[in-house]
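Proteins get letters first, then strands, A, B, ... in listed order; numbering begins at 1 in each.
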Amino acid sequence: MSQMSEPSADAAVTEAPAPVSQSETKQSPAGKKLNKKKVEEVVEEEEEEYVVEKVLDRRVVKGRVEYLLKWKGFTDVDNTWEPEENLDCPDLIAEFLQSQKTAESGGKRRAESDGDGKETKKRKDEPEKLRGFARGLDPERIIGATDSSGELMFLMKWKNSDEADLVPAKEANAKCPQVVISFYEERLTWHSYPTEEEEKKDDKH
Amino acid sequence: MPTENLSDKRMSKFKNKGKEPMKMRDRRIAECVELRKAHKVESIMKKRNISSVGDEPLSPADNTDNKQVISETIQEIVANVNGDCPEKQRQGCQAARKLLSRERNPPLKEIIEAGLLTRFVEFLGRNDDPTLQFEAAWSLTNVASGTSWHTQQVVEHGAVPAFIALLASPMLNISEQAVWALGNIAGDGPSYRDGLIDCGVIPALLARLTPDAPVGYLRNLTWTLSNLCRNKNPFPRFSAVQQMLPSIIQLLHHSDKSILSDACWAVSYLTDGPNERIDVVIKTGILPRLVELLGFEELTVVTPALRSIGNIVSGSDLQTQAAIDAGVLSALPQLMRHPKSSVQKEAAWAVSNIAAGPCQQIQQLITCGLLAPLVDLLRNGDFKTQREAVWAVTNYTSGGTVDQVVHLVKCGALEAILNLLQAKDTKTVLVILDAINNIFLAAEKLGEVDKLCLLVEEVGGLDRIEFLQNHENNAVYRAAQALIEKYFSEDGDDQCLTTEATDSNFVFGASDLQKRFDF
């Protein structure tokens, strides 16, 4: 149940890197082999220093407390269980026990990540019918304008098609300015401003 | 003079010159009708999600499922796409796009096996032919939306640099399609996500995040950004997160609900990690906005906002305090009463983590009125919610002061958890027994153990605990036993025979703890 931290180059390290006292911990990555080595090559053994990087787990086997150790410079494949009495890294053990405490007795629990709910990939479906300029047709003329959607839109009659549809004015201004100008010119009206006398005489329309 | 003729011609186009009033009126009416029709058609199509026949010729692909037909269609596509005629290339690409975007069983595999991806990726670079680019981009998007294998095919055909380049396309629909395709690739997993980041996707995306970008475009952009924040093992690297965060924060202030939802999901991914990750998010000052989003009506916004908050309060005490200071405790009660049980559950989970903090934070749970809704959930929530609420009680009783524990009991929490002892879930039962133990410890300090025993018995809790002594799970029956032994054993006439299972053999005997209880 213990968490293994991901080796991450830019993760801020909250755990103290192995201080001097830990580096003096001489342990072999494989407890059993240590005994063998002691018998065969004592000299070599003393020159090799194995440094405990982190305490990962705890168990009790036949009444003895053992800790699962991650060794510095070795991968997780080489983690080993070592009896408590063989260890000399009280800080790391304390840190582990502390983390266990928060994890189990009245401690914080992380999210379960069950059903993140948001799709990882999305397919773009056919329903989006290509409209307006995306249809790839040539504009013939604009037959109307509206801004009821909040944005000024032109109703565009396309060449070789009976189906007119709406295009944003912005797009039409850029893509077919002459067509737009035609539309506006067709609808230009000149208002003459009546003089006072003419106003009195004017009929109501 | 030619000029005069020209100006005459144009003059005749002017609105009211030399035209009969009736004719003009008719024209105006016809225009209005056309406009109304076009509007109506547009909104109907949006609602029904149908494509009308229009100009595009009915392709044989519309003939759907027939494998034979598909195979023939694909052959035709291959022929068109491999030729030199641009019109045919466009046709082929469009036909492929239609196959790939139909409702049922789009033939992703067949398209891939026909070797079409190479050409599609090539077409992505055809800046001279935007329609071709668009159809190719859409087709590749849909292939990449399949399984990991499908996405892999797209990536291995070199689509990534081409799509990243298309992000800068002046054609908005093409740029948007590229955003979408890249979102699919990023969503495949951490490996491609990081690959995209290495190719510089983030600056290219952020460059398109402008105030005048249309909402639809921003929606796709936000979704793709969220996929770039997603996945653990490994998390996205810090430098990438730092690049994206300011924009995500910006998007969290948008008014569109889809954008808000995806931006919140991004935050939820970024906060789902070790405390250092949570810190980076908190430092943006986003907490007040997150709390605000908790109060929104839309479930699509509330869900990821609540998940984000839940992640944050699962961090350190300081981080939890930051959330509390931002007002999360005033938002939680209504979430605990939310009509959706998933929201209730997540809210209870958040409360359970706040209750795992120091007693000052537990006190804030009390003052902000979270206990009553919590007890409600214990009584009436669905099982998953009750489970979270039980954790809240255990954490609370573990870290709370004696007075705080008493207060919780007075709110009815003890009775509620005793009722849950009949749950099938072993872990939950253990957590409840833990809570009961904690409550008794508090009672001990007050010298009120017998009162508590009475209370427990009155509500039928003693029966349940006794029953648990027969539970199949070791930890459960031992915990139940321990409780009975410590607080409920009597001497005299009613000898409680308890069994002590030791390593060696069973020993039947009266419990060592002989206490007289006066009722």
> Can we call the ring centroids of A:Trp158 and A:Phe133 under 6.0 Å apart?
Replying inline: yes
>> Using the rule given for side-chain contact (heavy atoms from CB on, under 4.5 Å), can you reason through A:Phe154 versus A:Leu166, listing the C-alpha separation, both sets of side-chain angles and the distance that settles it, and then say yes or no?
In response: CA-CA 5 Å; A:Phe154 292 135; A:Leu166 293 167; over 6 Å; no
> For B:Thr397, is it the side chain, the backbone, both, or neither that has a heavy atom closer than 4.5 Å to a heavy atom of chain A?
Replying inline: neither
> chain A: which of B:Gly315, B:Gly399, B:Gly310 shares the most heavy-atom pairs with it under 4.5 Å?
Replying inline: B:Gly315
> What part of B:Pro274 is in contact with chain A, defined as an atom under 4.5 angstrom from a non-hydrogen atom: side chain, backbone, both or neither?
Replying inline: backbone
> With chain A, which of B:Gly187, B:Ser268, B:Gly183 has the greatest number of heavy-atom pairs at distances under 4.5 Å?
Replying inline: B:Gly187
>> With chain A as the partner, which of B:Thr131, B:Asp262, B:Asn173, B:Val143 has the greatest number of non-hydrogen pairs under 4.5 Å?
In response: B:Asp262
> Where does B:Leu430 contact chain A at under 4.5 Å (heavy atoms): side chain, backbone, both or neither?
Replying inline: neither
> Which bit of B:Ala181 comes within less than 4.5 Å of chain A, counting heavy atoms only: side chain, backbone, both or neither?
Replying inline: neither
>> Can you list everything that forms a ring-ring contact (aromatic ring centres under 6.0 Å, His included) with A:Tyr67? Sequence neighbours excluded, please.
In response: none
> Side chain, backbone, both or neither: which part of B:Leu100 has a non-hydrogen atom closer than 4.5 Å to chain A?
Replying inline: backbone
> Using a cut-off of under 4.5 Å for heavy-atom pairs, which of B:Val280, B:Ile185, B:Asp188 has the most such pairs with chain A?
Replying inline: B:Asp188
>> Need one label for B:Asn231: side chain, backbone, both or neither, based on atoms under 4.5 Å from any heavy atom in chain A.
In response: neither
>> With chain A as the partner, which of B:Thr300, B:Leu172, B:Asn227, B:Val431 has the greatest number of non-hydrogen pairs under 4.5 Å?
In response: B:Asn227
> Contact part of B:Thr147 toward chain A, heavy-atom cut-off under 4.5 Å: side chain, backbone, both or neither?
Replying inline: backbone
> Given A:Val65, which of A:Glu85, A:Arg59, A:Arg58 fulfils the side chain to side chain contact (heavy atoms under 4.5 Å, CB included) condition?
Replying inline: A:Arg58
>> Within the 3.5 Å criterion, strictly below it, is a donor on A:Ser161 or A:Glu163 matched to an acceptor on the partner's side chain?
In response: no
>> Tell me every residue that passes side-chain contact (heavy atoms from CB on, under 4.5 Å) with A:Thr120, counting only those two or more places apart in sequence or in another chain.
In response: B:Arg230
>> Just by distance, no angles: are the side chains of A:Lys121 and B:Thr151 close enough, under 3.5 Å, to form a donor-acceptor pair?
In response: yes
> Does the distance from a Lys or Arg side-chain N to an Asp or Glu carboxylate O, for A:Arg123 and A:Asp125, drop under 4.0 Å?
Replying inline: yes
